[in-house]
Amino acid sequence: MTSGAAAGAAGQAGPAGAVGKVSLFRNARIVTPVDTGRPSAGAAQGRVASWDKGALLCREGRIVTAGDEAAVLGALGAEGRREIVEEHDCGGRCMIPGFVDAHTHLCFLSPREREFAARLEGADYLQILAAGGGILSSVSSVRAASEDALCEATLRRARSALGMGTTTMEIKSGYGLSLEAELKQLRAIRRVAREIPLAVVPTVLAAHAVPPEMRGRPEEYVQTAIQVTRAAAREGLARFADVFCEHGVFTVEQARRILEAAKDCGLGVRLHADELSDGGGAALASELHAASADHLLAASDDGLDALARAGVVAVLLPITAFSMRKPFARARAMVQHEVPVALATDCNPGSSCVESMPFAFGLSVLQMGLTVPEALVGATLNGAYALGLGAQAGSLTPGKRADFLLLDGETPAILAFRTGLSPVAEVYAGGRRVHPEAS
C-alpha cells in the first residue's frame with residue numbers, strides 16, 4: 001500500500017481549464033487501486049494508494065484529483081475554492097471506487113429455487129441440464145415474457161446491486177436461445193441502462209446452451225448462435241459476445257467459430273471457461289486474446305500460464321462456487337502466475353441468485369486467499385479492464401467517472417469483516433449520490 005505523493009497517478013491533477021459544476025468530497029479515508037494503464041497482475045494486483053485524510057474533487061461528474069486533503073485544497077487555492085458548488089464532509093469514512101461487476105446474467109424472470117434444493121440433495125449441474133432444467137428452465141419463462149416484464153425484473157435487481165455499491169455492470173443475454181428471444185433480452189438490457197444511473201455493458205450469450213428444439217443438433221445451433229451474434233452487433237445491442245465452453249455444452253472448436261464470428265462483427269469476446277472441467281477454455285481465451293476468461297474453477301497451471309502470457313483477465317465468481325458447494329477458483333495461484341484477477345457476482349437464476357459485490361469481496365478474502373488490497377483491485381480496476389472500461393472506471397484516477405462509495409468503516413477490510421452484510425453507506429455515480437436517494 002502506498003500513500004501521499006508516492007501514490008503516483010492516483011493523486012495527480014486532471015486537465016486544466018475544465019468548466020462546469022465542481023464538487024469537493026473531503027475528510028475521507030481514501031483507498032484506490034493504482035492504475036498503470038493495464039490490468040493489474042502479480043504484485044500489482046494488491047497495489048493501492050491511500051490517504052488517511054483525503055479529498056476528491058470532481059467536475060461535471062469526472063474526477064479532477066484525489067489525494068491528501070491539504071494538498072488538494074492547497075492546489076485549489078482561494079480562487080479554486082470559490083468555484084466549488086457542493087462540498088461534502090465524508091465524516092472519516094472509507095472511500096473506494098464503485099464496484100465493477102464484470103459477469104452477470106441479471107436479465108431473467110424467475111429464480112430456480114427447486115433446482116437449488118435438488119443440488120443440495122445430490123444432483124449435479126449437467127444432470128439437471130440434461131433433464132431440461134438449469135439454463136433451459138429459464139429459457140421457457142424468458143421466451144414467454146414480454147420485453148416490459150424482463151426490463152422490470154432486471155431493473156429491480158440492478159437497483160439492488162446499485163444500493164450495494166455496483167456502479168458498473170455487465171449483463172448477458174443467454175436465456176432466449178433464439179434470434180427473437182435473445183434480441184428481446186438485449187433490448188430489455190438496453191432499456192435498463194437508460195433508466196438507472198449505472199453503467200451497463202451488454203453481452204450477447206446466444207451460446208449458453210443448446211435449446212430444447214435442437215437437442216442433439218449442436219452443430220446446427222452453432223449457426224443460429226452466430227446469426228444471433230451478428231444481429232446483436234448489427235443493431236448495436238451488444239459490446240461483447242460470450243460462449244459457455246464446457247464438456248456437454250459447447251466444444252472448444254464450436255466456441256472458437258462463434259467468437260471469431262463475433263470478432264469479425266467488431267465485438268469483444270469473453271467466455272465461460274473451465275468451470276466444471278479443464279476443457280481447454282483458458283487456452284482458447286488466450287488464443288483469441290479475449291477480454292476475460294470467467295469461472296476457471298478447473299483451470300490447469302498450463303491454462304493459467306497461457307492467460308498470463310496473453311494478459312487475459314480471470315473473472316472469478318466466488319458466490320457460484322459457494323452456492324454450488326464446489327472448490328473455489330485458485331485465486332492465490334492466479335496471482336502467483338501473474339494472471340490479472342477480477343471478481344464478479346455471476347448473478348443468475350440458478351447457481352448464484354445474489355447481486356452483492358460486498359459478498360463476493362468477502363468470500364474472495366475469507367475463502368480464496370486474496371488479501372484485502374488484492375480483492376479491492378479485483379472488484380474494481382481489473383473488472384473495469386475486463387469490460388474494456390479501464391480508462392473510465394475502477395479507480396479514483398483523474399479523468400475517470402466520479403463513481404465511488406463511502407463505507408461504514410475506516411478501511412476496505414470492513415467488506416470482508418462483515419461478510420454477508422453490505423457496509424456500503426453511500427453510493428455516488430458521476431459525482432452524484434444515487435444511494436440512498438435524497439429525500
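Every value quoted in this text rests on a predicted model; they were computed, and no experiment measured them.
Residue pairs satisfying the ring pair (Phe, Tyr, Trp, His ring centres under 6.0 Å) criterion with at least one member in residues 196-229, sequence neighbours excluded, are listed as follows: H105-H208, Y175-H208, H208-H272. Residue pairs meeting the ring pair (Phe, Tyr, Trp, His ring centres under 6.0 Å) criterion with at least one partner in residues 338-378, sequence neighbours excluded, are F322-F359. Sorted by first and then second residue, the side-chain hydrogen bond (donor to acceptor under 3.5 Å, both in side chains) pairs with a member in residues 413-425 form an empty list; sequence neighbours excluded.
Panel note: side chain K400, backbone Q392; no donor-acceptor pair is recorded below 3.5 Å. E182 places a side-chain N or O within donor-acceptor distance of the main-chain N or O of G174, the cut-off being under 3.5 Å. Not a single donor-acceptor pair under 3.5 Å links the side chain of S292 to the backbone N or O of D294. Counting only distance, with no hydrogens or angles, the side chain of D148 and the backbone of S146 share no donor-acceptor pair below 3.5 Å.
Applying the salt bridge (charged side-chain N to carboxylate O under 4.0 Å, His left out) rule to E338 yields no partners; only residues at least two apart in sequence or on another chain are considered. Residues satisfying the side-chain contact (heavy atoms from CB on, under 4.5 Å) test with E152, not counting sequence neighbours, are R156. With sequence neighbours excluded, the residues that form a side-chain contact (heavy atoms from CB on, under 4.5 Å) with E147 are K184, R187, A188, R191.
A pairwise comparison of heavy atoms in V192 and C151 identifies CG2-O, 3.7 Å as the closest pair. When all heavy atoms of A342 and V313 are compared, the closest pair comes out as CB-CG1, 3.7 Å.
Taking the side chain as every heavy atom from C-beta outward, F108 and R157 approach each other to under 4.5 Å. Annotation: side chain of L267 is not in contact with side chain of F240 (no heavy-atom distance under 4.5 Å). Proximity of I189 to L186: side-chain heavy atoms (C-beta onward) are separated by under 4.5 Å at one or more points.
Here the OG1-CG distance, from T166 to L198, works out to 7.0 Å after rounding to the nearest 0.5 Å.
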